[in-house]
S.K.: 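Handing you this structure, nothing more for now.
Order of the sequence lines fixes the chain letters, A, B, ..., with proteins taken first and strands second; residue numbering starts at 1 for each chain.
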Protein chains: 2
Amino acid sequence: MNPTIQQVAEAAGVSRSTVSRAFTRPDMLNPETVALVRDVAARLGYVPSQVARALSTGRFGNIALLVPDVGNPFFPPLIRAVEKQADLSGACVFLGNSDENPERENVLLKRLSGQVDGFILASSRLSDAEIRAHAARRPVVLVNRDIAGLGRVLIDSAQGVGDAIRHLHELGHRRIAYVSGPSASWSNQQRWSAASRGARDLGLDLALIEGEQPSFEGGASAARLAVDTRVTAAIAFDDSMAHGLLAGFSAAGVDVPGTISVIGCDDVLGARTYPPLTTISSGADDAGRLATDMLMGLLGGSQAGETLRLPTTLIVRATTAIARQGS
Amino acid sequence: MNPTIQQVAEAAGVSRSTVSRAFTRPDMLNPETVALVRDVAARLGYVPSQVARALSTGRFGNIALLVPDVGNPFFPPLIRAVEKQADLSGACVFLGNSDENPERENVLLKRLSGQVDGFILASSRLSDAEIRAHAARRPVVLVNRDIAGLGRVLIDSAQGVGDAIRHLHELGHRRIAYVSGPSASWSNQQRWSAASRGARDLGLDLALIEGEQPSFEGGASAARLAVDTRVTAAIAFDDSMAHGLLAGFSAAGVDVPGTISVIGCDDVLGARTYPPLTTISSGADDAGRLATDMLMGLLGGSQAGETLRLPTTLIVRATTAIARQGS
DNA sequence: TTGAAAGCGATACCAT
DNA sequence: ATGGTATCGCTTTCAA
């Protein structure tokens, strides 16, 4: 149905090689020839077949982005940035949603590896070994996952979490809870250890509340657990959970920030919560953009193993306040 | 690097044809042969090359989903559902984000058409003619876009909007505003006309407030316009805008629902806003699932032109109340 | 039931 | 600067 290179060649009175070169290596051709061929091609509505090209060159012109949950507000900005940046290189993007399920992630990796030049794995839930195995076959860039030798873009929330702990300390909080995200998440591990370190340094009590899901609902149910712990502040794994905490506390009649302070992470909700959420910045879009650039670099022959750390800072809004007295 | 069909054939002591058939038409082969081939293939880690297959069959095993804005909370559930449903058919999904830009949408369509079996266009911003042109080349299913002859999944918010108007009428509201979304959006047109019709039938005043962007920010700035109109209730194009309205009114010291009632559309925020948003249900996930099924049907040879209308209903939460007196 | 061979639509090496 | 041709990996007639 689409005209083939053959038909263009005949219509232009040249060989297929020439038509091919008119598009891929115009510098090798006489400028007039290029013009002629392109003209004829345009008239015929010729579009080079990506698959034929891929079969012969081994390059697909596509990349794949895998995320655990499109529904988590952290990812859309990331996805959008990847999309945009890939577009600049003329690459198309396969999106895979693993639904927080490692097996599905593996299946997607396998299924996709035959049609993409490389992968961006955002918050992968796979084991190091599994990721390494895939990286051995195709270039891989990791977002928020730290595996030596692979390309990494890390949103370094340790810094922001440290700021958050100090912020709470200054407000007089002495007993704090960390509401955790997925245990397989590098970000969760990083945030938890940063919180532990910060709390230890300042002599604060830090309780761990295990969140079920990194979502609004997960946060809401964690709120029910938190009210029993008598902490005066909670730092949540991410903004979704913090948002859920807000709702949970509100439902339980617990005032935020009067009775308990709440801090989120990722700053994907802006000032949209009520009260506006104090949170830790992330720059998910930067991460997406940089990860894509890094992947394109790898495809262009750069060495793997580069690590980019994006700094984070505390953004104080309205869910943190002076610790309540006598508690 | 990946084993080819040839190597599997040699290792199994059969011809390439046989290996091919062992995977695509096992019924044509002796069961033992199938078992043997599959065994060898598995041992070698053989995975059929999608592109080679596509080149020879003309089928790619991929579909593309185009949305105007991944960041709009309406789309993630839709994306997720498409992803999940496509997975059942073993298809991979290209995601395209047009950023509300028709040109980009066209570019994506063109670029992708060489590697997908069909498209799902969600809330397309293209003209009917453009969409028809693309549909002539590849199967297309539309979500929230009504073009005769093409596959359509329509979230019929007319019904829900009618309910919303009646609900406001019962609460004593007489002057209502509709805060509009993108003019190129079918949903926006449908919602606006349903609101007009409902208002006319009940003898209500309906003002049109033109929203800038279908986003939180767009709603927030529309709120500033709304306070001047002296309406006692506003229906927003979608939940994002309604959410922005809430924030805008709050910033302006206007009480919701005391002074003004607010109704959203799509129910993607659940009860996460403050106050919990009265809204119109959508079932974006159903739409995604059904659109994918429909597309798969088209690929399987069904006739195009089918229309699926998904009903909507009003979900009353806490942003609507009795109209203020003496206004 | 299985094999041989001709494509599918491009690229790229080798000639000219 | 241009053309001829083998090749990429698989599917699919046509024969056997």
Side-chain angles (χ1 to χ4, degrees), chain A residues 1-38 40-41 44-62 90 110-117 137-138, chain B residues 1-38 40-41 44-62 90 110-117 137-138:
Chain A
M1 53 183 266
N2 247 332
T4 74
I5 201 172
Q6 175 74 280
Q7 311 179 20
V8 176
E10 286 169 5
V14 299
S15 73
R16 296 179 305 177
S17 318
T18 301
V19 177
S20 174
R21 289 193 270 253
F23 287 97
T24 54
R25 335 244 340 220
D27 47 299
M28 283 183 64
L29 258 40
N30 187 317
E32 298 149 18
T33 314
V34 173
L36 166 69
V37 171
R38 290 209 171 148
V40 173
L44 267 50
Y46 169 72
V47 180
S49 154
Q50 273 293 127
V51 296
R53 179 176 283 177
L55 184 56
S56 130
T57 63
R59 281 163 311 157
F60 305 89
N62 301 321
K110 186 158 296 174
R111 194 177 285 168
L112 250 12
S113 71
Q115 20 190 0
V116 302
D117 296 323
R137 325 192 95 252
R138 292 239 173 266
Chain B
M1 50 186 265
N2 247 333
T4 74
I5 201 173
Q6 174 75 281
Q7 310 179 19
V8 177
E10 287 170 5
V14 299
S15 72
R16 296 178 307 174
S17 322
T18 301
V19 176
S20 173
R21 288 193 270 253
F23 287 97
T24 55
R25 336 245 338 222
D27 46 300
M28 283 182 64
L29 259 41
N30 187 318
E32 298 148 18
T33 313
V34 173
L36 167 68
V37 172
R38 290 207 171 152
V40 173
L44 268 50
Y46 169 72
V47 181
S49 153
Q50 272 294 128
V51 296
R53 180 176 283 178
L55 184 57
S56 124
T57 62
R59 280 162 311 153
F60 305 89
N62 302 321
K110 187 157 298 174
R111 193 176 285 168
L112 251 12
S113 71
Q115 20 190 359
V116 302
D117 296 324
R137 325 193 95 252
R138 292 239 173 269

S.K.: My understanding is that only residues two or more places apart in sequence, or in another chain, count here; which of them pass side-chain contact (heavy atoms from CB on, under 4.5 Å) with Gln7(A)?
M.R.: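 Testing Gln7(A) for side-chain contact (heavy atoms from CB on, under 4.5 Å), a comparison that skips the adjacent residues, returns Pro3(A), Thr4(A).
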S.K.: In chain order, what residues pass the side-chain hydrogen bond (donor to acceptor under 3.5 Å, both in side chains) check against Arg16(B), with sequence neighbours excluded?
M.R.: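 With neighbours one apart ignored, the set is empty.
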S.K.: Does anyone know the first and last nucleotide of DNA chain C in reach of chain B, 5' to 3', at under 4.0 angstrom to a heavy atom?
M.R.: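 On DNA chain C, the outermost contacted nucleotides are dT1(C) to dG9(C).
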S.K.: Which side chain to side chain donor-acceptor pair (under 3.5 Å) pairs, counting each pair once, include a residue from residues 45-62 of chain A, with sequence neighbours left out?
M.R.: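 Sorted result for residues 45-62 of chain A: Asn62(A)-Gln115(B).
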S.K.: Using five pairs at each end of the helix from dT1(C)-dA16(D) to dT16(C)-dA1(D) to define an axis, what is the angle between those two axes, to 10°?
M.R.: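 Axis angle across the helix from dT1(C)-dA16(D) to dT16(C)-dA1(D), nearest 10°: 40°.
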S.K.: The criterion is salt bridge (Lys or Arg N to Asp or Glu O under 4.0 Å); which residues satisfy it with Arg111(B), sequence neighbours excluded?
M.R.: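 With sequence neighbours excluded, Arg111(B) shows a salt bridge (Lys or Arg N to Asp or Glu O under 4.0 Å) to Asp87(A), given in chain and number order.
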S.K.: Nucleotide range of DNA chain D contacted by chain A, 5' to 3', under 4.0 Å to a heavy atom?
M.R.: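 In short, chain A contacts DNA chain D from dA1(D) to dG9(D).
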S.K.: Can you see which heavy atom on Ala52(B) is nearest to which on Leu55(A), and at what distance?
M.R.: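 Shortest heavy-atom contact: CB-CD1, 3.8 Å.
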S.K.: Does Arg53(B) or Asn30(A) map to a spot on DNA chain D nearer the 5' end, using the closest nucleotide for each?
M.R.: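 Checking each residue's closest nucleotide, the 5'-ward one belongs to Asn30(A).
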S.K.: Which residues pass the side-chain hydrogen bond (donor to acceptor under 3.5 Å, both in side chains) test with Ser15(B), sequence neighbours left out?
M.R.: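 Checked Ser15(B) against side-chain hydrogen bond (donor to acceptor under 3.5 Å, both in side chains); matches are Thr18(B).
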S.K.: Asn2(A) or Arg21(A): which one's nearest nucleotide on DNA chain C is closer to the 5' end?
M.R.: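 Closest to the 5' end, via its nearest nucleotide, is Asn2(A).
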S.K.: Base, sugar-phosphate or nothing for Thr57(B)? Non-hydrogen atoms, less than 4.0 Å.
M.R.: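 Touches sugar-phosphate only.
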S.K.: Give the residues of residues 7-19 of chain A touching DNA chain D, defined as any heavy atom closer than 4.0 Å, sorted by residue number.
M.R.: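 Within residues 7-19 of chain A, the residues near DNA chain D are Val14(A), Ser15(A), Arg16(A), Ser17(A), Thr18(A).
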S.K.: Only counting residues at least two apart or in another chain, list the ones meeting side-chain contact (heavy atoms from CB on, under 4.5 Å) with Val40(A).
M.R.: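 Listed in chain order: Val8(A), Ala11(A), Ala12(A), Leu36(A), Arg43(A), Leu44(A).
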S.K.: Is any side-chain heavy atom of Val116(B) closer than 4.5 Å to a side-chain heavy atom of Phe60(B)?
M.R.: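 Counting from C-beta outward, Val116(B) and Phe60(B) never come under 4.5 Å.
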S.K.: Restricting to non-hydrogen atoms, name the atom on Val34(A) and the atom on Pro26(A) that form the minimum distance, rounded to 0.1 Å.
M.R.: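 Shortest heavy-atom contact: CG2-O, 3.7 Å.
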S.K.: For DNA chain C, find the residues of residues 44-51 of chain A with a heavy-atom distance under 4.0 Å and give them by number; none if there aren't any.
M.R.: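 Per residue number, the list reads Tyr46(A), Val47(A), Pro48(A), Ser49(A).
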S.K.: In chain order, what residues pass the side-chain contact (heavy atoms from CB on, under 4.5 Å) check against Asn2(B), with sequence neighbours excluded?
M.R.: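 For Asn2(B) the side-chain contact (heavy atoms from CB on, under 4.5 Å) partners, ignoring immediate neighbours, are Arg137(A).
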S.K.: If I compare all heavy atoms of Val37(A) with all of Ala22(A), which pair ends up nearest, and what's the gap?
M.R.: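 Looking at all heavy atoms of both residues, the closest pair is CG1-CB, 3.6 Å.
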